[in-house]
Every structure is written in structure tokens, then in C-alpha cells.
S.K.: 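Following this message is one structure expressed as C-alpha cells.
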Amino acid sequence: MKNLKKVLWATAILGLVICGFFVYNIYNAIFSPNTTFANEEAYLFISSDATIDDVSAQLSPLLDDVSSFKAVAKRKGYSNNIKAGKYILSKGMNNNDIINTLRSQNQPVKVSFNNQENLKSLAGRISSQIEADSLSLLKILNDDVFLKENGFNDDTKLSMYLPNTYEFFWNTNAEEFRARMKKEYDKFWNEERLSKAQALNLSPAEITSLAAIVQKETAKIDERPRVAGLYLNRIRKGMYLQADPTVIFAIKKETGNYDTIIKRVLYKDLEIDSPYNTYKNIGVPPGPITMPDISSIEGVLNAEKHDYLYMVSNISNFGYHMFAKSLTQHNRNKAQYIRWLNEQNISR
């Protein structure tokens, strides 16, 4: 009888030891620190089609024990419920903290873009900042049904995208990106701006097209209202805008090479047969020749009132222009500029 009691006690003690061992291991796996990176934070980008093996592979360089992470992930039901997005892991996190972070703390990313001349360039820029790839973005941005339903066409479609910095979740898809941009566009064109456009007898699309010319003409934000006023004066008088940037764009569009660098427009270039050539077509082009900044759009909506009709680059104050009310004065200014171009051997 005594021997039986000893056996029972020994069995009970062994059981407790074994249970304690398992509890210790489980506790260790869940609550012990499991990071191996030296920095205070590490970033993890989980794609929409990721599996637990994909996540574990990404975590491998960041964790001390990946197998314990996978075990806890399975126990907590994360393995079959993976959330895409950008996540921030902190140094010293345990598996429980890591999984809770990956479940609910998707971090937004800053998405910025400007100066794109076409949707292909825009798609490439955006795809480097969110999960959506450039091909899926380009397909969505060029969707004819969407463009028609929302009042855009092949020439004006770039005008829907207002350069700025926006917050998105990294796992944003192409349709979600486009929907957000349409919402931002509608918010921008409020009653006040629409009223200003109407007062100028121009549509939002025409304002954007003119703003694109203004932006290409001057990088100086403080000069944009003056340049815009000049072009509006020409429009009111029924004159050709005669904007060199539109000729450069027409050349790029015809060749399909938007990386072409043209520093000097030649007389032969002015003869290019294109609706974007403002030396041959009166009024604003059918669409923007680049993606204008908001400052350029505002420059047109709040254009300076003056009598200037001509301008040429100011060689004594680079970046700015010399303005003239008469062709005679303009020709004098232009002669100075051409002489400077020749001195610099700028022939193209």
C-alpha cells in the first residue's frame, strides 16, 4: 500500500513537472521577447495574397525564433486571417504583441506625386508607394467607361489628379486609389472655385489646361498669377497663346518620347500639326500638357489683372520673365534673349 502511494505521488509530481514545463514553454513562446533587430522599429509590408509562410519568411530576419511565432499565430487564429498592410514592429516585442499588431495596426503611408506628364508616368509613381502595381493602375486610370461617366476624355483625364501628399493604406488597390482621387478632385472644385472659373468663361478642364502651360512657363510661384493674366488677356482678344511648352509637348506626344529634352524651340517646330500647338490653334489646348500644381491652378483662378500680352525669359533674373504690352517692346526683349541663347550655344 505504501509503495502504491509512493508511485501515485511520484506520478503526480512528474505530471506537475511536465505540465509546468509545457506551461513554461507556452508562456515563453507567447510572452518572451522575440525580436532580433537592433533598431527601435522595423517595418513589415504584407501583401493582400500573403500566406502565413510568406509572413514568416518576411519576419525571419527580424525574429529570434520564427517557429514559435508560427505556433502562436496558429493558436491565436492569425494563420488563417492575415491582414494586408504596413506594420511597425518595436524592438523587444513578444509573439503575442507582434500578432496583435499584425491583426489591427495597419499604418497609413504618405503618397505624393507631381509633374507627371501622362498617366503612365503617374501609375509608375504611385505603384512605388502602394501595393497596386503600375499595370493595374494604368488600366483603371484609362478606363473609358469611368472617364465618360465622370466627364473626362483621353485628353483631359490627367486633370483629375491633383498633385499633393495624401494618406493611404499601403494595401490600397487601383480602384480605391482612383476613387479617392475623384473624391479629392470634387472637393477641390468647390462652389468658390467653380464660380471663379465661370467668371473667366472657362471650364475646370480649361483652367487646368491653362494652368499646365503657366507651370511649364515659370517655376516661380509668385510669377504664376502674372503669367496667367497674360494668357487670359490673349484669350479675351482672340489671339494665339503662342506658348512654347505646348509645342514641346506636341513634339513629345507625336514621337511618344516624353523624356525628350528641348531647350530651344525652332521656327520649324512651330509648324507641327497638333491640336496642342498654340501657334496654330486659338484657345487652350484640349488637355493639360503636364500635371499642374495647385499653385498653378490657383494662379489662373486668381490671375493678376494687367495689360501684358508678351513675355520672354529674363536673362538678368533667371527664372523670371520680362513682360511687354506692345510687340515693339517684346521684340526688343526677345532680341536680348536670343542673343544670350546664341552666346550659350543652345541650339536645341
Side-chain angles (χ1 to χ4, degrees), residues 117 147-164 181-250 253 270 272-312 321 323-327 329-330:
E117 291 190 349
L147 293 174
K148 186 175 181 180
E149 287 178 350
N150 290 278
F152 298 98
N153 57 41
D154 195 53
D155 289 307
T156 62
K157 58 191 177 185
L158 187 65
S159 62
M160 196 185 90
Y161 303 92
L162 296 167
N164 213 329
M181 290 297 95
K182 179 59 168 62
K183 183 178 179 181
E184 295 291 341
Y185 175 86
D186 291 338
K187 188 196 305 183
F188 178 81
W189 284 105
N190 54 28
E191 286 187 15
E192 181 183 0
R193 290 192 177 98
L194 288 173
S195 178
K196 288 181 178 180
Q198 188 175 19
L200 295 172
N201 201 28
L202 296 172
S203 68
E206 290 172 321
I207 293 289
T208 303
S209 293
L210 187 56
I213 296 175
V214 170
Q215 178 155 318
K216 281 292 187 179
E217 288 284 17
T218 179
K220 304 296 185 180
I221 294 176
D222 61 323
E223 192 184 47
R224 287 173 179 170
R226 176 165 292 189
V227 174
L230 183 152
Y231 284 123
L232 288 170
N233 287 343
R234 282 181 161 260
I235 290 172
R236 293 187 190 102
K237 290 180 175 293
M239 298 172 65
Y240 291 102
L241 296 187
Q242 295 184 325
D244 287 357
T246 65
V247 177
I248 294 172
F249 178 80
K253 187 174 176 63
L270 306 183
I272 186 171
D273 187 16
S274 167
Y276 286 89
N277 182 356
T278 55
Y279 279 83
K280 298 186 74 172
N281 300 279
I282 288 178
V284 298
I289 60 174
T290 191
M291 179 186 289
D293 292 344
I294 289 175
S295 64
S296 296
I297 298 174
E298 294 287 12
V300 175
L301 291 174
N302 301 283
E304 185 179 310
K305 291 180 172 57
H306 53 62
D307 296 324
Y308 295 128
L309 292 171
Y310 307 93
M311 68 179 186
V312 69
H321 292 78
F323 294 85
K325 298 177 183 179
S326 69
L327 184 57
Q329 180 60 52
H330 172 64

S.K.: Out of Val247, Leu158, Ile213, which residue meets the side-chain contact (heavy atoms from CB on, under 4.5 Å) rule with Ile289?
M.R.: Ile213
S.K.: For a quick test of reading the model, state the closest non-hydrogen atom pair linking Ser274 to Asn281 and the distance between them.
M.R.: O-ND2, 2.8 Å
S.K.: For Asp222, look at atom CG and say whether over 12 heavy atoms of other residues, nucleotides or ligands are found less than 6.0 Å away.
M.R.: yes
S.K.: Compare all side-chain heavy atoms of Thr208 with those of Thr156 and state whether any distance is below 4.5 angstrom.
M.R.: no
S.K.: To the nearest 0.5 Å, how far apart are CG in Asn201 and CD in Glu206?
M.R.: 8.0 Å
S.K.: For a quick test of reading the model, state the closest non-hydrogen atom pair linking Ile235 to Leu241 and the distance between them.
M.R.: CG1-CD2, 3.7 Å
S.K.: Can you tell me if Ser195 uses its side chain to pair, donor with acceptor, with the backbone of Glu191 under 3.5 Å?
M.R.: no
S.K.: Quick one: closest heavy-atom pair of Pro292 and Ile297, and the distance?
M.R.: CG-CG1, 4.2 Å
S.K.: Are side-chain heavy atoms of Asn164 and Phe188 found at a separation under 4.5 Å?
M.R.: no
S.K.: Using modelled atom types only, decide if a donor and an acceptor are shared between the side chain of Thr278 and the backbone of Tyr240 within a distance under 3.5 Å.
M.R.: no
S.K.: Verify, without hydrogens or angle tests, whether Gln329 (side chain) and Ser326 (backbone) share a donor-acceptor contact under 3.5 angstrom.
M.R.: no
S.K.: Sub-3.5 Å donor-acceptor pair from the side chain of Asp307 to the main-chain atoms of Lys325, do we have one?
M.R.: no
S.K.: For Asn233 versus Leu309, what's the shortest heavy-atom pair and its separation?
M.R.: CB-CD2, 3.7 Å
S.K.: To the nearest 0.5 Å, what is the distance between CD (Gln242) and CE (Met311)?
M.R.: 11.5 Å
S.K.: Is it true that Glu223 and Arg226 have a side-chain N and a carboxylate O under 4.0 angstrom from each other?
M.R.: no
S.K.: Around Asp273, counting heavy atoms of other residues, nucleotides and ligands shown, do more than 12 lie under 6.0 Å from its CG?
M.R.: no
S.K.: Establish, from distance only, whether the side-chain atoms of Ser296 and Asp293 form a donor-acceptor pair under 3.5 Å.
M.R.: no
S.K.: With distance as the sole test, does Asn150 use its side chain to make a donor-acceptor pair with the main-chain N or O of Phe152 at under 3.5 Å?
M.R.: no
S.K.: How far apart are the closest heavy atoms of Tyr231 and Ala243, and which atoms are they?
M.R.: OH-CB, 3.4 Å
S.K.: For the side-chain contact (heavy atoms from CB on, under 4.5 Å) test, which of Glu304, Lys220, Lys216, Glu217 pairs with Val227?
M.R.: Glu217
S.K.: Can you name the nearest heavy-atom pair linking Phe249 to Pro288, along with the distance?
M.R.: CZ-O, 4.4 Å
S.K.: Show, in sequence, the C-alpha distance, side-chain angles and deciding distance for Leu230 and His306, and conclude whether the side chain to side chain contact (heavy atoms under 4.5 Å, CB included) test is met.
M.R.: CA-CA 8 Å; Leu230 183 152; His306 53 62; 4.0 Å; yes
S.K.: If you round to the nearest 0.5 Å, how far is CG of Leu210 from CG of Leu200?
M.R.: 9.0 Å
S.K.: Using the ring of each side chain (for Trp, its six-membered ring), is His330 parallel, tilted or perpendicular to Tyr310, with breaks at 30° and 60°?
M.R.: parallel
S.K.: What distance do Arg224 atom CZ and Glu298 atom CD have between them, rounded to the nearest 0.5 Å?
M.R.: 12.0 Å
S.K.: When rounded to the nearest 0.5 angstrom, what distance separates CD in Gln215 from CD1 in Ile221?
M.R.: 8.5 Å
S.K.: Between Ser159 (side chain only) and Ala205 (backbone N and O only), is there a donor and an acceptor less than 3.5 Å apart?
M.R.: no
S.K.: Find the distance between NZ (Lys196) and CG (Leu194) and round it off to the nearest 0.5 Å.
M.R.: 11.5 Å
